[in-house]
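For reference, the structure is listed below as structure tokens.
Keep in mind it's a predicted model, so treat the numbers as computed, not measured. Residues take their numbers from the sequence shown, with the count starting at 1. Any value given below was found using the heavy atoms of this structure, including those in side chains, with hydrogens, waters and symmetry copies removed.
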Amino acid sequence: MAERARTYHHGDLRASLVEEAAAMISEGGAASVTMRAIGSRLGVSRAAPYRHFPDKTALLVAVAVEGFRRLNQRLRGDGTGASGSSVERLRHMGEQYVRFALENPAHYRLMYGREALARQDHPELRQAAGALLEHLIGVIRLHQQRGEIERADPRAQAYVAWSAVHGLASLLIERQIDPNVDVNALLSQTTQTLLDGMRD
């Protein structure tokens, strides 16, 4: 522990606190996170976490903001698996959204799930969530202009698309879907059905 604690003095304690909080949420939910417990797990003094976060809520906000940052980066990057010039980009974005949720359930629950924080109380959360939505709206608008999907209110279409992938992600995370189901096939079918509907 002492060796880990010495490393944090070089400036990465904040990132370690966020990472450790996410791990604790995965293990026992947001209620399991306390400033004292997280300091103990990282092998630092009780006062050390407070030098970066005034309280637990601020730490949880940071976990959620980090989740939005990672998801935004993932959806904007080449990892979407389709060319930015292809309407298939929308389907791949949907797939990446669900895969992100499955790989980062703690972040996702604080972003959109049952433990989500109230965005009206945290401007940085509103900004992070808003940037993600505006990116999706922009992609939809682009493909509308190209005649690849129907011309409708792009914001409304974004909400429909988001609702579909969020619903699937939540059901999978909360284990409400038969564990024997082929997740890859279900994900592909969901996003393809969504894209087909937008093309009508």
Which atom pairs, one a donor and one an acceptor, fall under 3.5 Å between side chains of residues 155-163 and the rest of the protein, sequence neighbours left out?
from: Arg155; atom 1: NH1; to: Glu134; atom 2: OE2; distance (Å): 3.3
from: Arg155; atom 1: NH2; to: Glu134; atom 2: OE2; distance (Å): 2.7
from: Gln157; atom 1: OE1; to: Gln144; atom 2: NE2; distance (Å): 2.7
from: Trp162; atom 1: NE1; to: Tyr97; atom 2: OH; distance (Å): 3.1
from: Ser163; atom 1: OG; to: Tyr159; atom 2: O; distance (Å): 2.7

(request) Grab the two heavy atoms, one from Ala106 and one from Ala22, that are nearest each other, plus how far apart they are. (result) CB-O, 3.2 Å
(message) Using a strict threshold of under 4.0 Å (side-chain N to carboxylate O), is an ion pair present between Arg70 and Glu103?
(response) no
(request) Give a yes or no on whether a salt bridge exists between Arg199 and Glu88, defined as a side-chain N under 4.0 angstrom from a carboxylate O. (result) yes
(request) Flag yes if more than 12 heavy atoms outside Glu19 fall under 6.0 Å of its CD atom; otherwise flag no. (result) no
(request) Kindly indicate whether the side chain of Val183, heavy atoms from C-beta on, has any atom under 4.5 Å from the side chain of Val98. (result) no
(request) Not counting sequence neighbours, which residues clear ring-ring contact (aromatic ring centres under 6.0 Å, His included) with Phe53? List them please. (result) none
(request) Could you tell me which residues satisfy side chain to side chain contact (heavy atoms under 4.5 Å, CB included) with Gln189, sequence neighbours excluded, listed by chain and number? (result) Thr193
Identify every side-chain donor-acceptor pair in residues 118-130 under 3.5 Å, counting partners at least two apart or on other chains, and give the distances.
from: Arg119; atom 1: NH2; to: Met111; atom 2: O; distance (Å): 3.0
from: Arg126; atom 1: NH1; to: Arg119; atom 2: O; distance (Å): 3.2
from: Arg126; atom 1: NH1; to: Gln120; atom 2: O; distance (Å): 3.0

(request) Would you please name every residue forming a side chain to side chain contact (heavy atoms under 4.5 Å, CB included) with Ser32, sequence neighbours left out? (result) Met24
(request) Determine the minimum heavy-atom distance between Glu115 and Ala31, stating which atoms define it. (result) OE2-N, 4.3 Å
(request) Before giving the answer on side-chain contact (heavy atoms from CB on, under 4.5 Å), spell out for Ser86 and Glu148 the whole-Å C-alpha distance, their side-chain angles and the decisive distance to 0.1 Å. (result) CA-CA 9 Å; Ser86 166; Glu148 296 169 329; over 6 Å; no
(message) Using ring-ring contact (aromatic ring centres under 6.0 Å, His included), reason through Phe68 and Phe100 one step at a time and then give a plain yes or no.
(response) CA-CA 10 Å; Phe68 280 116; Phe100 169 86; 8.9 Å; no
(message) If I compare all heavy atoms of Pro49 with all of Met35, which pair ends up nearest, and what's the gap?
(response) CB-CE, 3.8 Å
(request) Would you name the heavy atoms of Lys56 and Ala30 that are closest together and state the gap between them? (result) NZ-O, 2.9 Å
(request) Mind checking the CG-NE2 spacing from Leu13 to His52? Nearest 0.5 Å is all I need. (result) 4.0 Å
(message) On a heavy-atom basis, which atom in Arg14 and which in Ala62 lie closest, and how many Å separate them?
(response) NH2-CB, 4.0 Å
(message) I need the minimum non-hydrogen distance between Thr191 and Gly94, along with the two atoms involved.
(response) CG2-C, 3.9 Å
(request) Take Val18 and Val65 through the test side-chain contact (heavy atoms from CB on, under 4.5 Å) and record every step on the way to the result. (result) CA-CA 10 Å; Val18 171; Val65 168; over 6 Å; no
(request) Can you measure from OG1 (Thr34) to CG (Asp55) and round to the nearest 0.5 angstrom? (result) 12.5 Å
(message) I want to check something: taking the side chain as every heavy atom from C-beta on, are Asn104 and Leu71 in contact at a cut-off of under 4.5 Å?
(response) no
(message) What I'd like to find out is whether the side chain of Val63 reaches to under 4.5 Å of the side chain of Val33, using heavy atoms alone.
(response) no
(request) Indicate yes or no: at least one non-hydrogen side-chain atom of Val139 is less than 4.5 angstrom from one of Leu75. (result) no
(message) Once rounded to the nearest 0.5 Å, what's the spacing between atom CG of Leu195 and atom OG1 of Thr190?
(response) 12.5 Å
(request) First locate atom CE of Met93, then atom CG of Leu194, and finally report the distance between them rounded to the nearest 0.5 Å. (result) 11.5 Å
(request) Indicate yes or no: at least one non-hydrogen side-chain atom of Ile177 is less than 4.5 angstrom from one of Leu168. (result) yes
(request) Check whether any side-chain heavy atom of Leu110 lies under 4.5 Å from a side-chain heavy atom of Val61, and answer yes or no. (result) no
(request) Decide yes or no for Arg151 and Gln145: does some side-chain heavy atom of the first lie under 4.5 Å from some side-chain heavy atom of the second? (result) yes
(request) Using salt bridge (charged side-chain N to carboxylate O under 4.0 Å, His left out) as the criterion, list what pairs up with Arg109, not counting sequence neighbours. (result) Glu174
(message) Within the 4.5 Å heavy-atom criterion, are Arg99 and Asn184 side-chain neighbours or not?
(response) yes
(request) Would you give the length of the straight line joining atom OG of Ser16 to atom CZ of Arg41, rounded to the nearest 0.5 angstrom? (result) 12.5 Å
(message) Rounded at 0.5 Å granularity, tell me how far CG in Leu90 sits from NE2 in His92.
(response) 10.5 Å
